[in-house]
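Here is how names work: the chains are called A, B, and so on, in the same order as the sequence lines, proteins then strands, and each is numbered from 1.
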Amino acid sequence: MFTHETLVEGSKMWGLFYLVGFSICVLIYTFLPANRERFERAEREIFDKDDGPWT
Amino acid sequence: MPEVMHRKLERTATGFMLAIIAAASVGGIVEIAPLFTIDDTVEAAPDMRLYTPLELAGRDIYVREGCYACHSQMIRTLRDEVERYGPYSLAVESQYDHPMLWGSKRTGPDLARIGGKYSDFWHVNHLNNPRDVVPESNMPSYRWLGTTPLKLSDLPLALRAQRAVGVPYTDAMIENAARDAYGQAVPDSEQSSGVTERYGEATQISAFDGVTTNVTEMDALVAYLQVLGQLTRAAYENPAAPQQMPDPDD
Amino acid sequence: MMQLTTGERQLGAIVLIALAILGIAMAAAGRTDVLGIHGAMVLLYSLALLFLLFSSAFGPEPSPARLTRYYDDPIKVGVGLTLFWAIFGMFIGVWAAAQLAWPILNFDTSWASFGRIRPAHTSGVIFGFGGNALITTSFHVVQRTSRARLADQFSPWFVLFGFNLFCLIAVSGYFLGVTQSKEYAEAEWYADIWLVIVWVTYFVLYVRTLALRKEPHIYVANWYYMAFIIVVAILHIVNNLAVPLSFAHAKSYTIWAGVQDSMVQWWYGHNAVAFFLTAGFLAMLYYYLPKRAERPIFSYRLSILSFWGITFFYMWAGSHHLHYTALPHWVQNLGMTFSVMLLVPSWASAGNALLTLNGAWHKVRDDATLRFIMMAAFFYGLSTFEGSFLAIRPVNSLSHYTDWTVGHVHAGALGWVAMITFGSLYTLVPAIWKRERMYSAALVEVHFWLALVGTLIYVFAMWNSGIIQGLMWRTYSPDNTLVYSFLDTLLAMYPYYIARAFGGLLFLIGAIVAAYNIWMTVRAPSAAQLPLDEDLPASDRPLDGAAPTPAE
Ligand code: HEM
Ligand code: HEM
């Protein structure tokens with residue numbers, strides 16, 4: 001059904017598309033303006049003065 | 001309201017985990033899946049024989065003692081390796097190796113083609129105390145192998161497990177595993193003929209550790225070492241030219 | 001006092017009794033096989049824990065005020081276990097190093113021969129030391145960054161003690177000659193199954209705790225811990241699929257053969273490096289570095305980009321362990337390409353860490369703990385650069401099979417993994433035990449220099465020996481014959497093997513100093529109770545009068 005060559009070709013090509021697609025998604029997520037605020041909050045969050053769970 | 005919020009938070013976490021799985025699984029799938037169709041393209045070795053029960057037991061001892069931590073069994077396609085150790089290793093040669101023992105460190109030399117290079121006697125001395133034969137060696141001594149009897153009763157189970165993972169042992173081989181191990185280590189015993197019958201005329205039958213009254217772990221390990229590189233002639237038959245030493249800038 | 005509720009105590013007792021019965025069953029089935037010995041060990045282990053549990057089982061219910069605090073008891077025990085395995089694993093490492101220089105040091109015993117203690121070293125340090133450090137710090141970080149208490153009180157103990165049972169079975173097995181021979185996955189099938197159970201519990205606990213978080217965003221350190229947990233589970237299961245001789249035998253055969261096995265093994269092996277020795281430790285970096293430096297991470301966005309880069313690229317890189325072998329060429333090339341690409345997210349992480357310190361260099365100068373973390377980031381950058389370089393085929397043709405690999409490994413293991421761990425521990429210990437600082441800052445300083453000098457000696461010795469040996473193997477005389485026998489090249493190694501053992505010894509002494517310092521910190525009376533508002537939730541103070549549960 002599959003020969004070795006077609007499988008290798010297929011997986012390489014598919015892998016490349018996947019890589020490109022994935023990178024685009026990650027870039028969008030990282031630089032989406034809507035996310036800016038939460039990232040800035042996260043950066044400082046660990047310095048908040050408290051050491052107990054919030055309830 | 002908090003309920004809704006909570007669910008939303010969990011959705012973030014779940015989506016995030018799925019993304020990790022999606023990112024992490026492609027590489028492995030792309031590289032590993034095609035290897036299972038490799039038989040289509042790789043050399044065939046119709047003359048390939050299976051490990052005898054004694055050799056398989058020896059292989060298990062090789063694993064148990066961690067020999068693979070210092071010895072590779074994979075001659076790379078580089079000129080100096082081919083000249084030092086013999087024709088480079090082919091994929092077929094380890095097609096029945098569960099697990100493969102290619103190794104990653106050569107504190108000692110490669111062993112892929114060690115079979116037949118030294119006498120049984122040399123191996124026994126060397127394993128008992130490497131420094132008796134190679135004064136500068138840093139290999140540990142394995143004196144206890146020669147005094148520990150080989151556990152023959154486990155061999156049928158071992159062959160059956162090997163068959164379960166894909167090695168074509170026959171029923172007769174499994175049934176006679178313990179006899180065959182004995183027969184291979186005790187030449188001229190009545191069990192010996194069965195070994196060549198089942199595993200081929202080329203199978204070495206020998207008192208590997210020099211003692212024929214019992215079968216020890218030393219017998220098994222030496223039998224295994226002597227068969228390394230000898231299961232098929234494929235690597236000798238059509239050796240392509242090894243690669244030259246790569247230029248740093250190629 | 002572990003703050004367990006009655007229900008949790010009962011659950012604990014049931015689980016331990018079930019485990020004890022399992023141990024008896026293993027002992028009965030295995031008899032003289034090592035499986036039988038391991039059965040006895042499982043039995044003893046569960047009885048010992050059962051004894052501990054019962055000795056506090058009939059106390060009163062813990063006060064509800066505990067829920068207003070983080071659950072730190074497992075972290076305290078985890079710190080102790082981390083230090084125990086550090087010293088054990090590194091001691092075995094020094095011993096193994098010494099055996100290569102003086103082979104009689106196995107005293108002619110089977111259990112101490114090099115091939116058996118080497119996996120005891122690697123598993124001891126990677127899983128025992130590294131694994132416990134990861135579990136311990138992850139419990140700390142996930143609570144603090146989520147502002148939520150661990151989701152329950154039973155599963156943290158199950159994860160911690162269950163994982164250590166795995167380590168114990170694995171390492172004792174190697175001494176007794178039980179191994180699958182797969183590097184970093186030597187433990188046999190029954191230990192592997194047990195680890196799956198422990199790991200699933202760990203995963204569920206982590207996700208449940210994250211789900212309780214009060215921050216909408218999941219802090220990036222948790223991403224790395226999650227990737228570590230999830231991917232290690234995938235790798236572990238696929239690589240360890242095996243068929244045992246029978247349920248009464250410890251021995252098994254992997255289902256993978258030959259080339260496929262080699263690829264599966266190094267897909268696992270390389271990603272054990274990536275997700276065990278890198279991702280989880282980057283999580284430590286992203287939490288303890290900003291905390292200790294009291295500066296936010298240089299770029300949060302960069303940390304996200306490098307996270308996905310690492311998660312994606314690493315999985316392709318395993319085949320660089322198989323250059324010039326019988327593995328098909330195209331797989332080797334893919335592995336090489338992705339390994340080189342990996343340098344980008346790796347250096348992004350290392351750079352992000354070092355840039356965070358920009359402007360705080362005076363702190364690095366004065367504070368040995370911060371210096372540990374800084375050095376770790378530096379060695380992370382160094383070993384990933386070296387790794388990408390070694391992955392290039394022609395370079396690998398020289399380095400593979402030599403000590404150069406071992407030097408690379410320990411630049412990562414000592415310089416990166418161990419240093420970031422000690423830096424994190426020195427930050428975590430005073431915080432958890434509510435001490436103002438470590439018992440002795442001078443001892444931290446001593447440890448730092450022992451660790452740094454030890455690492456440098458080790459790594460330089462191995463670079464030298466590796467490159468020399470690689471070059472000697474391929475030296476040709478003018479008439480085109482090989483000049484050196486294998487033995488000639490071995491002889492050239494001895495001075496370096498001695499140097500390496502010495503460097504390792506320094507590193508080991510450093511770890512012992514750390515253990516002493518931490519022990520004294522814990523023992524010291526809690527001098528100044530931290531002011532209340534540092535220790536308790538801002539939004540919701542505990543009921544007046546409810547005494548906070550004492551820290552053991
Ligand atoms: C006291 C410090 C240490 C010493 C003296 C030491 C020594 C050694 C020795 C002698 C070997 C065998 C090398 C060979 O086969 O030629 C080795 C291998 C190894 N060690 Fe260490 N070690 C130390 C610390 C560590 C630490 C802290 C880690 C990990 C966190 C680690 C991880 C490893 C790994 C992964 C290997 C296998 C390398 C390979 O397969 O190429 N070591 N170590
Ligand atoms: C960009 C990152 C990295 C790349 C591309 C990389 C690449 C490599 C390469 C090419 C080898 C040699 C394989 C061989 O010839 O056998 C290797 C071995 C190894 N590396 Fe790395 N490395 C990286 C980072 C690290 C880090 C940070 C650590 C440790 C914390 C590490 C631990 C190891 C170990 C344990 C081995 C030895 C495997 C063995 O043969 O047993 N690597 N790595």
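With a 6.0 Å cutoff to the six-membered ring centre and a 45° limit on the axis angle, Arg113(B) counts as a cation-pi contact of Tyr236(B).
Side-chain atoms of Tyr62(B) and Gln73(B) form a donor-acceptor pair, as typed in the model, at a separation below 3.5 Å. For the 3.5 Å distance criterion, the side chains of Asn125(B) and Asn128(B) fail to qualify, holding no donor opposite an acceptor. In the model, His323(C) has no side-chain atom that pairs as donor or acceptor with a side-chain atom of His400(C) under 3.5 Å. For the residue pair Tyr497(C) and Asn138(B), no side-chain donor N or O sits within less than 3.5 Å of a side-chain acceptor on the partner. Side-chain contact check for Thr489(C) and Trp473(C): at least one donor-acceptor pair (N or O, by modelled atom type) lies under 3.5 Å. Under the 3.5 Å distance criterion, with hydrogens and angles disregarded, no donor-acceptor pair is assigned to the side chains of Asn239(C) and Tyr184(C). When only modelled atom types and interatomic distance are considered, Ser246(C) and His249(C) share a side-chain donor-acceptor pair under 3.5 Å. Counting only N and O atoms by type, the side chains of Thr254(C) and His98(B) include no donor and acceptor under 3.5 Å apart.
Your options are Leu322(C), Asn480(C), Val238(C), Leu327(C), and the one with the most heavy-atom pairs under 4.5 Å with chain B is Asn480(C). The choice from Ile61(B), Thr107(B), Asp60(B) that makes the most heavy-atom pairs within less than 4.5 Å of chain C is Asp60(B). Listed options Met17(B), Lys151(B), Lys105(B), Arg131(B) were ranked by heavy-atom pairs under 4.5 angstrom with chain C; first place goes to Lys105(B). With respect to chain B, the highest number of heavy-atom pairs below 4.5 Å among Phe114(C), Trp308(C), Trp267(C) belongs to Trp308(C). No other option in Trp102(C), Phe313(C), Trp330(C) has as many heavy-atom pairs under 4.5 Å with chain B as Trp330(C). The greatest number of non-hydrogen atom pairs below 4.5 Å with chain C, out of Ala158(B), Cys70(B), Pro156(B), is found for Ala158(B). Residue with the most contacts toward chain C among Gly66(B), Ala69(B), Ala24(B), Pro140(B): Ala24(B) (heavy-atom pairs, distance under 4.5 Å). When the candidates Ile230(C), Leu235(C), Val406(C) are compared by the number of heavy-atom contacts under 4.5 Å with chain B, Ile230(C) comes out ahead. Taking Gly103(B), Gly108(B), Gly166(B) one by one and counting their heavy-atom pairs under 4.5 Å with chain C, the maximum is reached by Gly108(B). Chain B forms the most heavy-atom pairs under 4.5 Å with one residue out of Leu334(C), Ile392(C), Ile310(C), and that residue is Leu334(C). The residue among Ser141(B), Ala164(B), Ser104(B), Pro130(B) with the most heavy atom pairs within less than 4.5 Å of chain C is Ser104(B).
Contact annotation for Arg118(C): only side-chain heavy atoms (C-beta onward) come within less than 4.5 Å of a heavy atom of chain B. Heavy atoms of Tyr494(C) lying under 4.5 Å from chain B belong exclusively to its side chain. For His321(C), no part lies under 4.5 angstrom from a heavy atom of chain B. In this structure, chain C has a heavy atom under 4.5 Å from the side chain of Val134(B), while its backbone stays farther away. Interface residue Ser89(B): only backbone heavy atoms are found under 4.5 Å from chain C. If you measure heavy-atom distances from Arg84(B) to chain C, the contacts under 4.5 Å come from both the backbone and the side chain. When heavy atoms are compared at a cutoff of 4.5 Å, Leu100(C) approaches chain B by way of both its backbone and its side chain. Only the side chain of Trp144(B) has a heavy atom closer than 4.5 Å to any heavy atom of chain C. For Cys67(B), no part lies near chain C; criterion is any non-hydrogen pair under 4.5 Å. Both the backbone and the side chain of Ile255(C) come within less than 4.5 Å of a heavy atom of chain B. Interface residue Asp403(C): backbone and side-chain heavy atoms are both found under 4.5 Å from chain B. For chain B, the nearby part of Thr109(C) is the backbone; its heavy atoms alone come within less than 4.5 Å. Of the two parts of Ala22(B), neither the backbone nor the side chain holds a non-hydrogen atom closer than 4.5 Å to a non-hydrogen atom of chain C. Neither the backbone nor the side chain of Arg160(B) has a heavy atom closer than 4.5 Å to any heavy atom of chain C. Only the side chain of Leu101(B) comes within contact range of chain C, judged by heavy atoms closer than 4.5 Å. The contact between Asp154(B) and chain C is made by backbone and side chain atoms together, counting heavy-atom distances below 4.5 Å. With a 4.5 Å cut-off on non-hydrogen atoms, Val243(C) touches chain B through its backbone and its side chain both. Of the atoms belonging to Leu491(C), it is side-chain heavy atoms, and not backbone ones, that fall under 4.5 Å from chain B. For Tyr314(C), no part lies under 4.5 angstrom from a heavy atom of chain B. With a 4.5 Å cut-off on non-hydrogen atoms, Thr311(C) touches chain B through its backbone and its side chain both. Of the atoms belonging to Tyr268(C), not a single heavy atom falls under 4.5 Å from chain B. The contact between Ser485(C) and chain B is made entirely by backbone atoms, counting heavy-atom distances below 4.5 Å.
Under 4.0 Å is where a charged nitrogen must lie from a carboxylate oxygen, and between Arg233(B) and Glu93(B) no such pair does. A salt bridge links Arg59(B) with Asp97(B): the closest approach of a Lys/Arg side-chain nitrogen to an acidic carboxylate oxygen falls below 4.0 angstrom. A salt bridge links Arg106(B) to Glu81(B): at least one charged side-chain nitrogen sits closer than 4.0 Å to a carboxylate oxygen. Taking a cutoff of 4.0 Å between a charged side-chain nitrogen and a carboxylate oxygen, Glu186(C) and Arg116(C) do not qualify as a salt bridge. Using a 4.0 Å cut-off between a side-chain N of Lys or Arg and a carboxylate O of Asp or Glu, Asp261(C) and Lys182(C) qualify as a salt bridge. A salt bridge between Glu83(B) and Arg474(C) is absent, with no side-chain N of the basic residue lying under 4.0 Å from a carboxylate O of the acidic one.
A distance-only check finds no donor-acceptor pair linking the side chain of Ser146(C) to the backbone of Ala148(C) [under 3.5 Å].
Here the straight-line distance linking atom CD1 of Ile75(B) with atom CG of Asp110(B) works out to 5.0 Å at 0.5 Å rounding.
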Quiz prompt | From CA spacing to verdict: side chain to side chain contact (heavy atoms under 4.5 Å, CB included), Ser252(C), Glu188(C) | solution = CA-CA 7 Å; Ser252(C) 72; Glu188(C) 270 294 355; 2.7 Å; yes

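Using a 4.5 Å cut-off on side-chain heavy atoms (C-beta onward), His320(C) and Gln332(C) make no contact.
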